Amino acid sequence: MKTLQENLRRRIAELLSGAYDLSGIEAEFTVPAERRFGDLSTTLAFALARKTRSKPFALANDIAARLQGQLPEAEEVRVAGGGFLNFFLRRDLFFRARLEAQARPLPPPARGEKVIVEHTSINPNKSAHIGHLRNSCLGDTLARCCRFLGYEVEVQNYIDDTGIQVADVVWGLLRHRRLDLEAIRRIPDLAAYLWELYAEVNRLFAGDEELAAQRREVHKRIEEKAEPEYGVCLHVAEQVLLDHVRTMEKLGIQYDLMARESDVIALDFFKAAAAELTGRGVMFPSADPDKRGCLVIHYEREKIEKIIVRSNGTITYVGKDIAYNLWKFDLLGRDFFYRPFHAYAGGHPIAMTASAPAPAAPGARFGRGRRVYNVIDVRQSYLQNLISQVLAQLGHPGAAAGFVHFSYEMVALTPACVRDMGLELEPGEEAKPYIEVSGRKGRAVKADDLIAMLEEKSHREVRRRNPELPEAEARKLSRRIAVAALRYFMIKFNLNTVIAFDFQEALNFEGDSGPYLQYAAVRLNSILRKAAAADIEAARGAASLAPLDGAERDAYWELALHLSLLETQAEYALAHHDISSLAAYAYLLCQKFNHYYHLFPVLAEPDPGRRALRLALVLLFKGRIETLLALLGIEIPERM
RNA sequence: GCGCCUGUAGCUCAAUGGAUAGAGCGUUGGCCUCCGGAGCCAAAGGCUAUGGGUUCGAAUCCCGUCAGGCGCGCCA
C-alpha cells in the first residue's frame, strides 16, 4: 500500500508539473468514510486552491481531467464534495498485488538509525502500580512499532537507586522495623512488603521533624556508602527491580539495559556535562540572593532559573538527567561499564550499567542513539523541555530534534474506586473528578493485583466455555487473555486523556477490548483449520473479484483495502506519537471481519470460485492481524 | 501569578482542517436450521461548554468567557 501511495504521489506530481507549481504541496491520501466516494481520496486541490487563491472545485476538475487514464493503478478519478479528488482503484490488480505481498513478505526497510526508548523507570522501592503499567505498555508498544518500521531499538529502564524514596524504605526496614540485612534478605516478597512499609513510613514522616531528620541522615549515609544503610539500599533496589522485571515480563515487556543513577554519579557524568554547560554559558552562578552559591540554568519558556548544582555542591535530579541524556546521544565523551543483569526465558539478556569494568561484560554497545524517546508522564514536561532546550544551547540541533518527551497523562482513581478499595477519602475529595494514584499514600492498584484479577476473571470465562480443557491449558489461556485486556486498555486512550481508572471498565472483555481482537483471530483460525481438513483451497495467482456479487464484492473490497494500511498506520502512529490509533485500527479491522464472515460463510458456500475467494480473504486477514496484534503485544490463542 | 492540558450521546472515549460527528458500556428489541454468542443486526440517545473570528469547509486553527486538571522545591 505504501508503495501504491508513493507511486500515485510521484505520478501525479509528474503529470501536473507542467501546469501547476506544486512546491510545498504533497498529495496525502486517506480512505474516505464511504466507499461510494472512492478508494483513496486526496485534498490536493484544496491545498493548491489556497495557495493560488482560486476556486477548488474548478481546479479539481482540471486536475482530474489531466490525471484521467494516466494512472495505471486507478480505474477512474472523480471530483466530489467541492474539490475532493477521489481515486477508484483497479481492484483485481490491487488484490493480486496483496496476495503476492502476502506470499512473499518483504523485510522492513533498514533505516540505519538507532532509536532509544526509555520507559518504566520506576523508583525501586515498592511494587509497580497501574500508573506504571500505562508507561510500560505505551513504551513497549512504541518500541515494537519502531522495530516493525525497521529501526534498531534499544530499550532502557532508568533506575533511581540513590534517591530519597529508597532511603525512606531503608529507614523503615532498619530503624522502624529494626531488621538487619540478613532478616531483610529473608523477606519473601520484598516489593510487596515495601509497598505497605513505604506508605506507612510516609504517614510517620508527615509532620514529625525528628523522623524527617533521621530520614535525611539515612539518605546521607547511603550516599557515603556507609553500612548497613548502603548494603540494604543495594539489596532493596536490586530485588525490587527484579520484581518489576517479573511483573512486566508477564505482559511481554522486556528491556535491554538498566541504567543506574548510582553509576551516573560514580562515573561523574555530570562533571563532563558541567564543563560544556559552563563553557557555553548555559549554566552560571545565580544572581538571586535566595540561590546564593547555586549553579542554575535559565528556563526560557517560563522565564525561571532552575537549580542544577546546590549551594552545598551536590547535583540535582535535573543535572543528572541532563548528563544521562547527553550520554544517550553519545555527546558526553564518557561511557558506563556494563555487567549482565538477568536473562529472560527466551534467552534475551538484560545488561546493567556498572561503575567499574565487570568480568563478564556483555559485548553489546549501548547508547549512541540518533533518536531518543523518553516515555515519562506529563508532569515531567517542565524538566524534559529543559533538557531539550539545553541540547540546543550546547550546539546539538540534531539531538534536540531527535529528543522526544513521549508524554502521556496520568492514571487516576475515581473517588468511587478509592472507596471500593476500602481507603479513606480526604475532605473535599469526594467532589473531585479523579484522585492521583500515589504509592507514597498507598493509594494505588498494584500491577500484580490487577493482573491477578484479570486472570481470575478470564479463568472463570474460559472454564465456563471450555469445561473439558486441562487446568494447565486453561491457566495459560487465561493469562493470554488477561494480558490482551490489560495492554489494550492501557493504550486505547489518547496520550492526553487522563485514565480515571475503573475496575469494571478495565475488566471488560467485550466490545472495544483486547479479548474481542483475540476472539476474531481465534474464529478465523478455526475457519482455516476446518477448511484445511476439508481440503478447501484458497484463491491465488490471477484472482479476480468477478465471481462475487454486488454486496459481497463491496464488503470484500472494503476489508482488503483496510488490510493494506498496516504499514501506513504504523508510520502514522510513530510520526504523531499516537499509539492509540493502532488499537483503533485493530478494532476496526476485527469489526469489519466479524461483520463479513457473519454475512458470507466460507465453508458453507457451494460455489467453489466464491469459496476460494472468501478463504483467500481469511488468509489475508490472518497474516495482517497476526502482525498487528504482535505489534500491540497481544498473543493469539488456539481457542478461547 | 507564569507555563501546559482538557471540556463531544446517560457513562467511558474516538474522530489525521474534509464529505451525513462515530464506537464501547448501559437501555430496548431481534439473531445459532450456526464456520464457536467473548459474536452479529437494529432502535433510541448530539446546538461538539459558551461568544466571536479565520477558511471553499471548523469538534479540530486563532481570540475572549465559563468550568476542570497538571506543573512551577537547594525532592527525585
Side-chain angles (χ1 to χ4, degrees), chain A residues 28 30 32-34 36-37 41 43 45-46 49-50 54-57 80-84 86 123 160 162-166 219 261 286 290-294 296 299 301-304 306-312 314 316-318 320-321 377-383 385 407 409-410 412 432-434 436 458 461-462 464-466 481 485 492-494 496-500 502 504-505 508-520 522-524 526-531 534 572 575-576 578 580-581 583-584 587-588 591 594-595 597-599 601-605 614 618 639-640:
Chain A
E28 297 287 342
T30 56
E34 287 183 56
R36 66 185 165 96
F37 291 126
S41 180
T43 56
F46 292 122
R50 173 170 289 236
S54 49
K55 297 263 183 247
F57 188 70
F84 287 95
N86 292 326
N123 284 326
D160 180 3
T162 63
I164 197 82
Q165 287 86 350
V166 185
H219 191 198
E261 181 157 297
S286 176
D290 290 342
K291 295 175 183 161
R292 191 185 304 276
C294 295
V296 297
Y299 180 43
R301 191 166 185 158
E302 295 180 39
K303 309 200 186 332
I304 50 178
K306 182 66 203 169
I307 293 170
I308 306 300
V309 180
R310 301 188 191 96
S311 54
N312 68 5
T314 57
T316 59
Y317 165 70
V318 205
K320 287 175 262 189
D321 220 21
D377 83 46
V378 67
R379 289 171 291 187
Q380 296 215 37
S381 294
Y382 157 55
L383 299 171
N385 287 336
S407 161
E409 263 291 358
M410 59 180 175
K432 293 191 124 194
Y434 39 73
E436 187 182 21
S458 166
E461 299 287 330
V462 167
R464 193 159 60 78
R465 287 155 226 250
N466 306 278
I481 294 170
K492 72 185 239 188
F493 301 96
N494 279 338
N496 45 15
T497 298
V498 175
I499 300 182
D502 178 78
Q504 203 186 335
E505 216 182 315
N508 177 36
F509 292 175
E510 285 164 19
D512 188 14
S513 69
Y516 175 93
L517 307 182
Q518 288 178 311
Y519 182 75
V522 163
R523 291 292 304 276
L524 164 155
S526 166
I527 294 171
L528 289 176
R529 261 199 311 275
K530 295 201 168 160
Y572 175 83
H576 294 84
D578 187 1
S580 72
S581 67
Y587 184 55
L588 174 87
Q591 270 185 316
N594 282 340
H595 178 75
Y597 81 69
H598 269 92
L599 285 179
V602 178
L603 307 177
E605 171 57 40
R614 286 179 188 173
V618 176
R639 72 178 86 195
M640 63 189 282

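To find a chain, count down the sequence lines: A is the first, B the second, and so on, and within it residues start at 1. Only a predicted model underlies this, so the values are computations on that prediction, with no experimental measurement involved.
As rounded to whole Å, 11 Å separates atom P of B/G3 from atom CD1 of A/Ile304. The nearest whole Å value for the distance from the CG atom in A/Asp578 to the C1' atom in B/A15 is 11 Å. The nearest whole Å value for the distance from the NE2 atom in A/His595 to the C1' atom in B/C35 is 17 Å. In this structure, A/Met410 places its CE atom 6 Å from C1' of B/C70, rounding to the nearest Å. Rounded to whole Å, atom C1' of B/G36 lies 14 Å from atom CG of A/Leu528. One atom, CG of A/Asp377, and another, P of B/C5, lie 15 Å apart when rounded to the nearest Å. At whole-Å resolution of the value, OH in A/Tyr587 and P in B/A14 are 14 Å apart. In this entry the distance linking CD of A/Gln504 with C1' of B/C25 reads 8 Å, nearest Å.
The shortest heavy-atom contact between A/Ala485 and A/Phe509 is CB-CE2, 3.6 Å.
Side-chain atoms of A/Gln165 lie closest to B/A76 of the nucleotides B/G71, B/A76, B/C25. Side chain of A/Met640, nearest nucleotide from B/C4, B/A38, B/C35: B/A38. Relative to the side chain of A/Arg50, the nucleotides B/U55, B/C4, B/C40 differ in distance, and B/U55 lies closest. For A/Arg639, taking side-chain heavy atoms from C-beta onward, the closest of the listed nucleotides B/A76, B/G36, B/G24 is B/G36. Across B/G18, B/C40, B/C56, the shortest atom-to-atom separation from the side chain of A/Pro56 is found for B/C56. Of the candidates B/C74, B/G18, B/G3, the closest approach to any side-chain atom of A/Phe46 belongs to B/G18. The side chain of A/Asn594 lies closest to B/G39 when the candidates are B/C56, B/G39, B/C5. The side chain of A/Tyr519 lies closest to B/G36, out of B/C74, B/U20, B/G36. In this structure, the nucleotide among B/U20, B/C72, B/U16 sitting nearest to the side chain of A/Glu302 is B/C72. The nucleotide whose nearest atom lies closest to any side-chain atom of A/Tyr382 is, among B/C70, B/C72, B/C74, B/C72.
Under 4.0 angstrom from either OP1 or OP2 of B/C74 there lies no side-chain N or O belonging to A/Asn312. Side-chain N/O atoms of A/Arg379 include none lying less than 4.0 angstrom from OP1 or OP2 on B/G73. Taking 4.0 angstrom as the limit, A/Arg614 places none of its side-chain polar atoms (N or O) nearer than this to OP1 or OP2 of B/C35. Using a 4.0 Å cut-off, no side-chain N or O of A/Lys306 falls inside it from OP1 or OP2 of B/G73. Side-chain N/O atoms of A/Tyr434 include none lying less than 4.0 angstrom from OP1 or OP2 on B/U6. Between A/Ser526 and B/G36 there is a side-chain N or O to OP1 or OP2 distance below 4.0 Å.
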Under the side-chain contact (heavy atoms from CB on, under 4.5 Å) criterion, do A/Asn496 and A/Val378 qualify, and how do the steps go? CA-CA 8 Å; A/Asn496 45 15; A/Val378 67; over 6 Å; no
Take A/Thr316 and A/Arg310, measure what side-chain contact (heavy atoms from CB on, under 4.5 Å) needs, and give me the verdict at the end. CA-CA 7 Å; A/Thr316 59; A/Arg310 301 188 191 96; 3.9 Å; yes
Quick one, A/Asp321 with A/Leu383, criterion side-chain contact (heavy atoms from CB on, under 4.5 Å). Give me CA distance, side-chain angles, the key distance, then yes/no. CA-CA 9 Å; A/Asp321 220 21; A/Leu383 299 171; 5.7 Å; no
Applying side-chain contact (heavy atoms from CB on, under 4.5 Å) to A/Tyr382 and A/Lys306, what does each step give before you reach the verdict? CA-CA 10 Å; A/Tyr382 157 55; A/Lys306 182 66 203 169; 2.9 Å; yes
A/Tyr519 vs A/Asn594, side-chain hydrogen bond (donor to acceptor under 3.5 Å, both in side chains): CA-CA, chis, key distance, verdict: CA-CA 10 Å; A/Tyr519 182 75; A/Asn594 282 340; over 6 Å; no
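Backbone-only engagement by A/Gln591 is indicated by non-hydrogen atom pairs under 4.0 Å involving sugar-phosphate atoms exclusively. Within the 4.0 angstrom heavy-atom criterion, base atoms lie near A/Val522. Within 4.0 Å of A/Pro433, counting heavy atoms only, lie sugar-phosphate atoms of the nucleic acid but no base atom. Note on A/Glu34: a base of the nucleic acid sits closer than 4.0 angstrom, heavy atoms only. Residue A/Ile164 is classed as a sugar-phosphate contact, given heavy-atom separations below 4.0 Å to backbone atoms only. Nucleic acid contact class of A/Leu383 (heavy atoms, under 4.0 Å, all strands): base. Across all strands shown, A/Ile481 has heavy atoms under 4.0 Å from base atoms, whether or not it also approaches the sugar-phosphate. Among the atoms of the strands shown, base atoms are found under 4.0 Å from some heavy atom of A/Arg36. Within the 4.0 angstrom heavy-atom criterion, no nucleotide atom of any strand lies near A/Val296. Residue A/Arg292 is in base contact, counting any heavy-atom pair closer than 4.0 Å across all strands shown. Using a 4.0 Å heavy-atom cutoff across all strands shown, A/Tyr597 reaches at least one base atom of the nucleic acid. Among the protein residues, A/Asn466 comes within range of no part of the nucleic acid, since none of its heavy atoms lies under 4.0 Å from any strand. Residue contacts for A/Ile307: at a heavy-atom cut-off of 4.0 Å it reaches a base atom on one of the strands shown.
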Reading 5' to 3' through nucleotides 8-13 of chain B, protein heavy-atom contacts under 4.0 Å coded B for base, S for sugar-phosphate only, - for none: ----SS
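Judged by atom type and distance alone, A/Ser41 reaches the base of B/A19 through a side-chain donor-acceptor pair under 3.5 Å. Checked by distance alone, A/Arg529 brings no side-chain donor or acceptor within 3.5 Å of a matching partner on the base of B/G36.
For the pair A/Phe84 and A/Arg465, both in contact range of RNA chain B, the more 5′-proximal nearest nucleotide belongs to A/Phe84. Residue order along RNA chain B, read from the 5' end via each residue's closest nucleotide, puts A/Ser381 first among A/Ser381 and A/Ile527.
Using C1' as the reference atom, B/C32 and B/G10 are 32 Å apart when rounded to the nearest Å. For B/A67 and B/C31, the C1' atoms lie 45 Å apart once the distance is rounded to whole Å.
Salt-bridge annotation for A/Arg379 and A/Glu436: present, with a side-chain N of the basic residue lying under 4.0 Å from a carboxylate O of the acidic one.
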If pairs are Watson-Crick or G-U with both distances under 3.5 Å, what is the dot-bracket string of RNA chain B, marking crossing pairs with [ ] and pairs to another strand with |? (((((((..((((....[...)))).(((((.......))))).....(((((..]....))))))))))))....
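A side chain to side chain contact (heavy atoms under 4.5 Å, CB included) with A/Met640 holds for exactly one of A/Ile481, A/Val462, A/Asn466; it is A/Ile481.
For A/Arg529, the CZ atom counts as densely surrounded, since its 6.0 Å shell holds more than 12 non-hydrogen atoms of other residues, nucleotides or ligands. Taking a 6.0 Å sphere around CZ of A/Arg464, one finds it holds more than 12 heavy atoms contributed by other residues, nucleotides or ligands.
A/His219 places a side-chain N or O within donor-acceptor distance of the main-chain N or O of A/Thr162, the cut-off being under 3.5 Å.
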